[in-house]
Amino acid sequence: MAQAAGRLAALVSEVLGAPLPLRLRAWDGSEAGPVGTPTLVIRSRRALHRLLWKPGELGLARAWVAGEIDIEGDLYEALNRMAPVVWRRDEAARPIGLRDRRILGLAGRVLALAGPALPPPPPPEEAAPSRGPMHTLRSDRQAISHHYDVGNDFYASVLGPSFVYSCAYWADPEVTLEQAQYAKLDLVCRKLALTPGQRLLDVGCGWGSMVLHAAEHYGVHAVGVTISAEQADLARKRVVEAGLTDRVEIRVQDYRQIDDGPYDAISSIGMAEHVGSVAYGVYAKQLFGLLRPGGRLLNHQIARRPQDDESTYHIDEFIDRYVFPDGELAPVGSTVTLLERAGFEVRDLESIREHYALTLRAWVANLERAWPEAVAMVTPGRARVWRLYMAASALAFEQNAIGVNQVLAVRPGAGGVSGMPLIRGTWGS
């Protein structure tokens with residue numbers, strides 16, 4: 001069918017009430033839309049079938065992961081230009097639905113262009129939707145395995161030699177990713193006021209970078225826990241290579257199963273996003289109970305903007321099915337409230353939102369440089385998931401759609417004594 005691009009562009013413009021924001025190339029080689037912008041390439045009519053059966057973000061995500069749509073040109077610019085397309089289409093579809101004659105008419109025109117077909121199966125990289133209670137020990141293990149147990153070599157190609165999968169701390173945008181990650185780990189150690197001989201618990205330890213840094217540079221005895229078997233395997237190897245087996249222990253263990261407190265300090269870096277609203281109170285109380293009086297918690301966590309009606313919050317479909325199943329974001333105020341309800345005194349909160357945007361752009365650059373190797377390590381679909389989610393997340397941090405905060409809290413001792421310095425920033429005093 002000739003000139004499919006022109007017909008698609010007309011359909012999109014009608015939905016938007018505005019011209020198509022990107023150049024478009026269809027499976028028949030035809031092109032339409034503005035010149036000088038990134039190009040949205042629709043390689044197969046199957047992409048239209050996906051949108052017919054699942055309109056909105058999830059249909060687009062499935063087509064992207066399957067390689068049926070692609071972007072030629074600057075991915076960040078393309079995502080910025082496409083955001084109103086996805087957002088407005090989703091918002092229009094929710095209240096109107098398929099009963100609306102206009103939506104039915106548009107669907108009929110898309111069907112005429114795509115041809116009749118049964119719904120294509122989701123790409124194999126998609127996680128099945130959760131059934132039953134969320135955030136049980138079993139469901140959390142499954143969710144974490146989906147994201148993390150995809151091959152340590154793949155993560156190395158994205159994260160670089162630091163093997164830190166959380167926001168770095170950039171004193172200057174020109175420093176290397178490894179230098180910025182070192183600075184973040186050191187910042188956490190200083191906020192926790194670590195000293196030789198103390199016991200540190202790192203909840204969600206990943207590949208062990210935090211416990212290794214704290215043991216080597218601050219002389220602590222550290223326990224790192226993760227529920228990813230692949231993470232734990234590599235973390236233990238790194239401990240042996242560093243000669244720190246007498247001071248660092250790595251466990252495959254859920255935070256709810258830890259029972260060997262008290263600890264002098266606890267770090268939780270990029271882990272609490274997996275806890276979920278139904279379990280966050282349990283998480284906060286568990287960490288409080290594991291600390292000695294006067295012990296400190298550093299909770300490093302991504303936050304979303306608050307909503308006027310919090311009951312309308314829903315987990316992003318693309319993230320839930322392809323990136324972090326059952327992951328949830330909360331406003332930072334809600335996090336602080338739950339920590340204080342558990343008994344903590346929150347002493348400091350530092351927003352490092354812009355730092356995460358820099359980190360994500362560095363990870364995307366790493367992935368793009370190692371693209372053929374990364375694809376061979378996992379699958380083309382998995383690599384495409386990562387490239388899209390990291391680039392889109394970088395823009396979300398830059399535009400203040402989401403943020404990330406380090407919350408420093410203490411378990412008060414007898415009489416409310418905190419043991420904290422009088423002056424902010426002199427953490428170890």
Side-chain angles (χ1 to χ4, degrees), residues 166-167 169 183-195 198-205 210 214 218 220 255-256 258 261-307 310 313 327-356 397 400 402-429:
S166 56
C167 175
Y169 199 67
K184 189 274 298 297
L185 296 175
D186 211 62
L187 176 68
V188 172
C189 290
R190 287 185 282 112
K191 286 184 176 182
L192 290 173
L194 298 181
T195 57
Q198 286 188 325
R199 295 188 77 208
L200 168 69
L201 172 65
D202 187 36
V203 183
C205 68
M210 175 63 194
Y218 288 83
V220 302
Y255 69 91
R256 288 161 285 199
I258 306 168
Y263 287 87
D264 298 290
I266 298 176
S267 54
S268 178
I269 307 172
M271 177 270 180
E273 298 88 344
H274 298 288
V275 171
S277 58
V278 298
Y280 206 95
V282 173
Y283 162 83
K285 290 177 182 177
Q286 172 73 346
L287 300 193
F288 182 84
L290 288 168
L291 272 175
R292 65 165 174 80
R296 301 183 190 184
L297 165 70
L298 192 287
N299 191 77
H300 175 122
Q301 183 176 340
I302 298 172
R304 61 175 172 85
R305 304 293 296 171
Q307 298 182 179
E310 283 292 321
Y313 169 68
E328 296 180 57
L329 301 183
V332 65
S334 300
T335 296
V336 168
T337 295
L338 288 168
L339 290 173
E340 293 203 322
R341 282 180 182 166
F344 284 105
E345 180 188 8
V346 171
R347 297 295 300 234
D348 187 74
L349 188 153
E350 182 177 6
S351 171
I352 51 175
R353 174 173 62 84
E354 294 87 350
H355 295 251
Y356 220 147
F397 281 107
N400 195 26
I402 53 177
V404 60
N405 306 281
Q406 288 193 350
V407 178
L408 179 64
V410 64
R411 174 175 177 168
V417 175
S418 70
M420 298 288 293
L422 292 175
I423 300 173
R424 181 184 186 273
T426 55
W427 309 115
S429 302

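What you are looking at is a predicted structure, and each value in this text was computed from that prediction instead of being measured. Reckoned from all heavy atoms, side chains included, excluding hydrogens, waters and symmetry mates.
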What pair of heavy atoms forms the shortest contact from [X] to [Y], and how long is it?
X      : Y      : answer
Ala265 : Leu194 : CB-CD2, 3.7 Å
Arg296 : Ala193 : NH1-CB, 3.5 Å
Tyr313 : Leu329 : OH-N, 3.1 Å
Leu192 : Ile266 : CD2-O, 3.7 Å
Ala330 : Thr335 : CB-OG1, 4.3 Å
Leu338 : Ala284 : O-CB, 3.8 Å

Restricting to salt bridge (Lys or Arg N to Asp or Glu O under 4.0 Å), what partner residues turn up for Glu340, sequence neighbours left out? none
Who pairs with Arg292 by side chain to side chain contact (heavy atoms under 4.5 Å, CB included), at least two apart in sequence or on another chain? Gln198, Pro262, Asp264
Under the side-chain contact (heavy atoms from CB on, under 4.5 Å) test against Met210, which residue among Ser166, Cys189, Cys205 passes? Cys189
Among Val407, Val203, Leu291, the one residue meeting side-chain contact (heavy atoms from CB on, under 4.5 Å) with Leu297: Leu291
Distance-only donor-acceptor check, side chains Asp186 and Tyr218, under 3.5 Å: yes
Does either side chain, that of Tyr283 or that of Ser268, offer a donor lying less than 3.5 Å from an acceptor on the other one? yes
Would you call Arg304-Glu310 a salt bridge at under 4.0 Å N-O? yes
CG on Leu287 to CG on Leu201, rounded to 0.5 Å: 7.5 Å
Tyr263 ring centre to Arg199 NZ or CZ under 6.0 Å, with the angle to the axis within 45°? yes
Determine whether Asn299 and Phe344 make a side-chain contact, defined as any pair of heavy atoms from C-beta on separated by less than 4.5 Å. no
Pairwise side-chain contact, Leu187 with Glu350, heavy-atom cut-off 4.5 Å (strictly under): yes
So Tyr280 and Glu328, side chain to side chain contact (heavy atoms under 4.5 Å, CB included) or not? Walk me through it. CA-CA 10 Å; Tyr280 206 95; Glu328 296 180 57; over 6 Å; no
Do the ring planes of Tyr169 and His355 sit parallel (below 30°), tilted (30 to 60°) or perpendicular (above 60°)? parallel
Where at least one partner belongs to residues 402-423, residue pairs that pass side chain to side chain donor-acceptor pair (under 3.5 Å), sequence neighbours excluded: Lys191-Gln406, His300-Gln406, Arg347-Ser418
Indicate yes or no for a side-chain donor-acceptor contact from Gln286 to the backbone of Ile258 under 3.5 Å, with no hydrogens or angles considered. yes
Looking at Glu345 and Pro412, would you say the former's side chain and the latter's main chain have a donor-acceptor pair under 3.5 Å? no
